[in-house]
Amino acid sequence: MNFFLTTAIDYTNGAPHIGHAYEKVLADAIARYRRLKGDAVFFLTGVDQHGQKVQQSAQKQGVAPAEFVAGITSQFLSLWKTLDIRYDAWAATVDPVHKHCVQAMLQRLWETGHFYKAKQAGYYSVRQEQFLTDKERGPDGEFGPEWGEVVLIEEENYFFKLAGHRQWLLDFIDARSAAGKPFVLPDFRVAELRNAVEKLSGDLCISRPKSRLEWGIELPFDKDFVTYVWFDALSNYVSFAGYDPTPGADNAVFHSRWPALHVIGKDILVPPHGIYWPIMLRACGFSDTEMPTLLVHGWWNIAGSKMSKSQGNIVDPAELVKTFGVAATRYYLLSDIATGRDADFSEERLILRYNTDLANSLGNLLNRSLSMAKRYRGGAVKKSASPLAAFIAEKCAAYCRHMEAFEVHAAIESAWEIIGRCNGYVEETAPWKLAKDPACAEKLDGVLYTLAEALRILSILITPIIPESAEAIRSQLAWEGSVTLAQCEWGLLPDGHSLGDPVPVFPRIESK
RNA sequence: GCCAGGGUAGCUCAGCGGUAGAGCAGGGGACUCAUAAGCCCUUGGUCGGGAGUUCGAUUCUCCCCUCUGGCACCA
């Protein structure tokens, strides 16, 4: 089965923060799970490099936009490497492939009458170089001093007709929900989107005159304009998957991938992904069955409040990895938040979860198991049946169910129930006592094999969460078999298999 | 103002008609294979406030307070 998932593309105007990192880690975990399952995964992520703010920031630094963007982009690329994000394609919007696709899409929609040119009048901040809406007005109804000089200007722009699609979109959203395949996940966000669609009025401005913004993709039908924001950003999901918008084009490769699961933050559900995107696709001729699904995640708050530059509470994920390691960072981001909801970030909590779950529970289980196998049997295990096999199979099934529903935190819990059960099993069977009594030799063999097998299976289950550590565990188990969900079957460790030496995979973080 | 979702143990949250659960933190214990890890037991809550429906409500209904999103509006 083919599985296509994307993340939002990050705006290259500033350094990545923990929110960017969370989204990619979440998507990566889902992608890795589907690979384990045997799906042909196409995982697309990238950066949004055009636009006003980039142009301004570049100007401020006295460099060309392309150069500025390359610098920030490299920060993202290096972070994804650090975090073990394994994507299949990289969407950078300055890419010529993307540019061609966007222009072809614009041309097609222009020719089919989805755009019109109109005069727009409004309050414009010269300093910020943007139109202001009533939202920007202060409590006194005036535009605050942060906007500088505000003038009323008129400007011609191109608009995308949205209003005519309102009823279709409502029906589509309802139909998907009724079919048990909500357009938006978790489904509590469907109501929020529906609400917004109900109130949909007016069209979408899709251009900026070059006199005001040069750093963008030129409209193919009017050289004086570049396209602004959404036709540039959203279309990355199709342009980098091989889509050719030209009517009648052969899109076999693209269609083998599409439709996608878009992993996005709650801030960009309404209106871009929930309204503009499906309408853009429809205008391009996509049918209802060719519409994507949106997986909307929540935010990490810092000490209860939003992360923001002005509050100076931005958490740098690269720094986090440097201090605590990839495993601690990924594990924390995936386990301490319920998909779709918000959570509170704290380093204390990260350390706690790491020490409790990784070092004490899983790490110690591996360490004590290998140590006993080595001490009592020279590292060799004898294949045998286990009283834990059924329990483990049950938890594997629960793990899969949760992963399929993108409830990664719940899947992690299922895996950790196996660890808890194994640690309890060690206490119940007390191998150190069995080892003293030659009559218990067979029983001891059974316990040691059970622990080794459980750890082998666990190493598969945690692969999507902490791939590097999973590999380290397999290496200590000296297991070189393939790593797929099918390998979670009990009893694949051969009779007489020789385990490796115990070395702590998750050294405790000692905090003062 | 409107829509949605919260307010349950010190903390993070689950439960959702029969007077409450988990993990972590706190307290106690037995053990020793292990990263002073693991295991067992345990303290702890008038389930935001009020009214109603019910034999019975944390769980359903209504009102209020409060938090979080989204939308709208105004001088």
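We name chains A, B, ... by the order of the sequence lines, and we start the count at 1 in each one.
Nucleotides B/G56 and B/G17 have their C1' atoms positioned 8 Å apart, rounded to a whole Å. Comparing the P positions of B/U43 and B/G29 gives a spacing of 16 Å, expressed to the nearest Å. For the C1' atoms, the distance from B/A30 to B/G7 is 41 Å, rounded to whole Å. Nucleotides B/U68 and B/A36 have their C1' atoms positioned 42 Å apart, rounded to a whole Å. For the C1' atoms, the distance from B/G70 to B/U61 is 26 Å, rounded to whole Å. For B/G10 and B/U32, the P atoms lie 37 Å apart once the distance is rounded to whole Å. One P atom belongs to B/G38, the other to B/C64, and the distance between them is 49 Å to the nearest Å. With both ends at atom C1', the span from B/U58 to B/C71 equals 32 Å, rounded to whole Å.
Looking at A/Asp445 and A/Arg377, a side-chain N of the basic residue comes within less than 4.0 Å of a carboxylate O on the acidic one, giving a salt bridge. Between A/Arg353 and A/Glu348 no salt bridge is recorded (no basic side-chain N to carboxylate O distance below 4.0 Å). For the pair A/Lys161 and A/Asp203, the salt-bridge criterion is not met [side-chain N within less than 4.0 Å of a carboxylate O]. The existence of a salt bridge linking A/Arg349 and A/Asp336 is confirmed by a sub-4.0 Å separation between a basic side-chain nitrogen and an acidic carboxylate oxygen.
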Would you give me the side-chain donor-acceptor pairs under 3.5 Å for residues 388-403 of chain A, sequence neighbours excluded?
{"from": "A/Lys395", "atom 1": "NZ", "to": "A/Glu417", "atom 2": "OE1", "distance (Å)": "2.9"}
{"from": "A/Tyr399", "atom 1": "OH", "to": "A/Leu461", "atom 2": "O", "distance (Å)": "2.5"}
{"from": "A/His402", "atom 1": "ND1", "to": "A/Ala398", "atom 2": "O", "distance (Å)": "3.0"}
{"from": "A/His402", "atom 1": "ND1", "to": "A/Ser414", "atom 2": "OG", "distance (Å)": "3.4"}

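Atoms CD1 (A/Ile337) and C1' (B/U68) sit 14 Å apart, rounded to a whole Å. To the nearest angstrom, P of B/G69 lies 17 Å from CD1 of A/Ile268. In this structure, A/Glu198 atom CD and B/A72 atom P are separated by 14 Å, rounded to whole Å. For A/His273 and B/G70, the NE2 to C1' distance is 17 Å, given to the nearest whole Å.
For residues 11-24 of chain A, the salt bridge (Lys or Arg N to Asp or Glu O under 4.0 Å) pairs, not counting sequence neighbours, are A/Asp10-A/Lys24. Applying the ring-ring contact (aromatic ring centres under 6.0 Å, His included) rule to pairs touching residues 409-464 of chain A yields A/Tyr331-A/Trp416, sequence neighbours excluded.
A/Ile9 CD1 to A/Ile264 CD1: the interatomic distance, rounded to the nearest 0.5 Å, is 12.5 Å. Atom-to-atom distance recorded for A/Leu358:CG and A/Phe506:CZ is 5.0 Å, nearest 0.5 angstrom. Annotation: the span from A/His273 atom NE2 to A/Trp277 atom CH2 amounts to 8.0 Å, rounded to 0.5 Å.
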I'd like to compare against my own output: the B/S/- annotation of nucleotides 2-14 of chain B with a strict under-4.0 Å heavy-atom distance to protein. -S---------SS

Each nucleotide of nucleotides 32-42 of chain B classed B (base within 4.0 Å of a protein heavy atom), S (only sugar-phosphate) or -, in 5' to 3' order, makes SBBB-SBS---

Note, RNA chain B 5' to 3' with Watson-Crick or G-U pairs under 3.5 Å encoded as ( ), [ ], | and . gives ((((((((.[[[[.).....]]]].((((.........)))).....(((((.......))))))))))))....

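In this structure, A/Arg208 satisfies the cation-pi test against A/Tyr228, with its NZ or CZ atom closer than 6.0 Å to the six-membered ring centre and inside 45 degrees of the ring normal. Geometric assessment of A/Arg456 against the ring of A/Trp479 yields a positive cation-pi assignment under the 6.0 Å and 45° thresholds.
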